[in-house]
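Heads up: the structure comes next, in structure tokens.
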Protein chains: 2
Amino acid sequence: MDKETLQEVYGNCACYRARAAARRVTRDYDEALKPLGLKITQFTVLASIKGLKPSSTSKLAKGLAMERTSLVRTLELMQNKGWVRLGPEGYRREQQMELTAEGEALLEQALPVWRDVQARFESRVGEARWQENKDWLLDVAFSD
Amino acid sequence: MDKETLQEVYGNCACYRARAAARRVTRDYDEALKPLGLKITQFTVLASIKGLKPSSTSKLAKGLAMERTSLVRTLELMQNKGWVRLGPEGYRREQQMELTAEGEALLEQALPVWRDVQARFESRVGEARWQENKDWLLDVAFSD
DNA sequence: GATTTACATGTGTATATACACAATGTAGTA
DNA sequence: TACTACATTGTGTATATACACATGTAAATC
């Protein structure tokens, strides 16, 4: 395998670039949220439960472009911490979920922290560039 | 917390979007590489060892925007599979690394698979858009 | 009514990521 | 020499991700 070939790979690989970007951004958010004992992944789940009121974990997973079983493991953690409550099984075993009072309070606490990191991110990469590209990231995640 | 606030969060969060995109892309690459028993993360490490000939795991981690300890765990796996060989400790405990013959052969086998998935990715999200945005992803990962 | 189809959930296993902390090696300096 | 500063590595722990497989539930079809 020659040098040009290797250049082709690590000069273009979409997966490497997407993962590197995600790792970096995750570290920045997690560092800021650490005093709350919260990780950005969990913050995202908290906010989407509150906002989407999903009727099943499967639907929530689809909405977040997550593998269902990945989401379930995170939900288990969040239940153990007392932030989330799962309802009884309903239609075809669907389970609704909702935030506990502690979950809601934590989300409120985390919001200004999130705002701060998000603002620093947008400033770092350029607000205009972010506005141009933010929807493209969702397209990468969801398009067929 | 009102609806507008939640919209603000999951309509803008850079971390959610970056992670969702990375998850999706990773699934696509991993699915294609599965017959080789290789994951895209490992493919990336294989190619960068071959291409960069790094003089230490710390330097390789920096070059890949990875946490060093994350890289080390992946290198352990790849050593166990016989794809990678670590050299003796050198200056300040630095360890060089190189691919074994098996590692090289696997990289050769994986290359056309990578090319295929990469082409499908570029077609899916638009080649022009990809060319415009690929460097921006590195900027997100590496800029201060 | 039995079978098929579609959707939902749960668990075992493997890998990826990263913080916290400890230990080792090298150079410069008091 | 002892101390300090810094670079490198290794390990314990926790969380994130996802495939493979098994199981439960309801509607549609035969």
Side-chain angles (χ1 to χ4, degrees), chain A residues 15-16 18-35 37-45 54-62 64-81 83 86-97 141, chain B residues 15-16 18-35 37-45 54-62 64-81 83 86-97 141:
Chain A
C15 195
Y16 160 60
R19 288 180 73 83
R23 283 194 299 265
R24 162 61 186 277
V25 176
T26 301
R27 283 195 294 266
D28 289 345
Y29 280 76
D30 277 351
E31 183 186 9
L33 289 170
K34 180 170 276 290
L38 183 66
K39 309 198 70 166
I40 184 64
T41 312
Q42 300 163 352
F43 173 79
T44 305
V45 175
S55 62
S56 74
T57 56
S58 294
K59 289 202 177 74
L60 180 56
K62 282 196 186 93
L64 293 172
M66 289 179 75
E67 228 284 330
R68 176 187 55 89
T69 57
S70 308
L71 173 62
V72 163
R73 302 300 156 100
T74 296
L75 283 174
E76 280 173 12
L77 277 172
M78 295 172 71
Q79 271 190 291
N80 292 341
K81 290 174 192 274
W83 303 338
L86 265 77
E89 294 192 349
Y91 178 82
R92 277 181 170 161
R93 303 188 67 199
E94 280 185 341
Q95 278 188 297
Q96 291 188 334
M97 65 213 79
Chain B
C15 195
Y16 160 60
R19 288 180 73 84
R23 282 195 300 264
R24 162 61 184 277
V25 176
T26 301
R27 283 195 294 267
D28 290 346
Y29 280 77
D30 276 351
E31 183 186 9
L33 289 170
K34 180 171 275 293
L38 182 66
K39 309 198 71 166
I40 184 64
T41 312
Q42 300 163 351
F43 173 80
T44 305
V45 174
S55 62
S56 73
T57 54
S58 293
K59 288 202 178 73
L60 180 56
K62 282 196 188 93
L64 294 173
M66 290 180 73
E67 228 284 329
R68 176 188 56 87
T69 57
S70 308
L71 174 63
V72 164
R73 302 299 156 101
T74 296
L75 283 174
E76 281 173 11
L77 277 173
M78 295 173 71
Q79 272 190 292
N80 292 341
K81 290 174 193 275
W83 303 339
L86 265 78
E89 295 192 346
Y91 178 82
R92 278 181 169 161
R93 304 188 66 201
E94 280 186 340
Q95 277 187 296
Q96 290 188 334
M97 64 212 80

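Within every chain, numbering begins at 1; the chains are lettered A, B, ... in the order of the sequence lines, protein sequences first and strands thereafter.
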With rounding to the nearest 0.5 angstrom, report the CD to OG distance, Glu94(B) to Ser58(B). 8.0 Å
Output side-chain donor-acceptor pairs under 3.5 Å for residues 24-35 of chain B, partner residues at least two apart or in another chain, one line each.
{"residue": "Arg24(B)", "atom": "NE", "partner": "Asp28(B)", "partner atom": "OD2", "Å": "3.0"}
{"residue": "Arg24(B)", "atom": "NH1", "partner": "Ala141(A)", "partner atom": "O", "Å": "3.1"}
{"residue": "Arg24(B)", "atom": "NH1", "partner": "Ser143(A)", "partner atom": "O", "Å": "2.8"}
{"residue": "Arg24(B)", "atom": "NH2", "partner": "Ser143(A)", "partner atom": "O", "Å": "2.9"}
{"residue": "Thr26(B)", "atom": "OG1", "partner": "Arg19(A)", "partner atom": "NH1", "Å": "2.7"}
{"residue": "Thr26(B)", "atom": "OG1", "partner": "Ala22(B)", "partner atom": "O", "Å": "2.6"}
{"residue": "Arg27(B)", "atom": "NH2", "partner": "Ala65(A)", "partner atom": "O", "Å": "3.4"}
{"residue": "Tyr29(B)", "atom": "OH", "partner": "Gln118(B)", "partner atom": "OE1", "Å": "2.4"}
{"residue": "Asp30(B)", "atom": "OD1", "partner": "Ile40(B)", "partner atom": "N", "Å": "2.8"}

Which side chain to side chain donor-acceptor pair (under 3.5 Å) pairs, counting each pair once, include a residue from residues 68-80 of chain A, with sequence neighbours left out? Glu67(A)-Thr69(A)
Base, sugar-phosphate alone, or nothing: which one does Leu77(B) contact when heavy atoms must sit under 4.0 Å apart? sugar-phosphate
The residue, Glu67(B) or Lys39(B), whose nearest nucleotide of DNA chain C is more 5′ is Lys39(B)
Round to a whole Å and report the spacing from CG of Leu75(A) to P of dT11(C). 13 Å
Taking only residues two or more places apart in sequence, or in another chain, which ones meet Gln95(B) in a side chain to side chain contact (heavy atoms under 4.5 Å, CB included)? Leu86(B), Glu89(B)
Using a heavy-atom cut-off of 4.0 Å to chain A, what are the terminal contacting nucleotides of DNA chain D, in 5' to 3' order? dT15(D) to dA27(D)
Separation between CE of Met66(B) and CZ of Arg23(A), rounded to the nearest 0.5 Å: 5.0 Å
Straight-line distance of Thr57(A) OG1 to Leu75(A) CG, nearest 0.5 Å: 7.0 Å
Tell me what Arg19(A) touches on the nucleic acid: a base, only sugar-phosphate, or nothing, going by heavy atoms under 4.0 Å. sugar-phosphate
Less than 4.5 Å apart, side chain to side chain, heavy atoms only: is that true for Tyr16(A) and Leu64(B)? yes
Which sits closer to the 5' end of DNA chain D, Glu31(B) or Lys81(A), going by the nucleotide each is nearest to? Lys81(A)
For nucleotides 2-10 of chain C, give me one character per nucleotide, 5' to 3': B if any protein heavy atom sits under 4.0 Å from the base, S if the only such contacts are to the sugar-phosphate, - if neither. ----BSBBB
Any base atoms under 4.0 Å from Arg73(B), or only sugar-phosphate, or nothing? Heavy atoms, all strands. base
Measure the CD-OH distance between Gln96(A) and Tyr91(A) for me, rounded to the nearest 0.5 Å. 14.5 Å
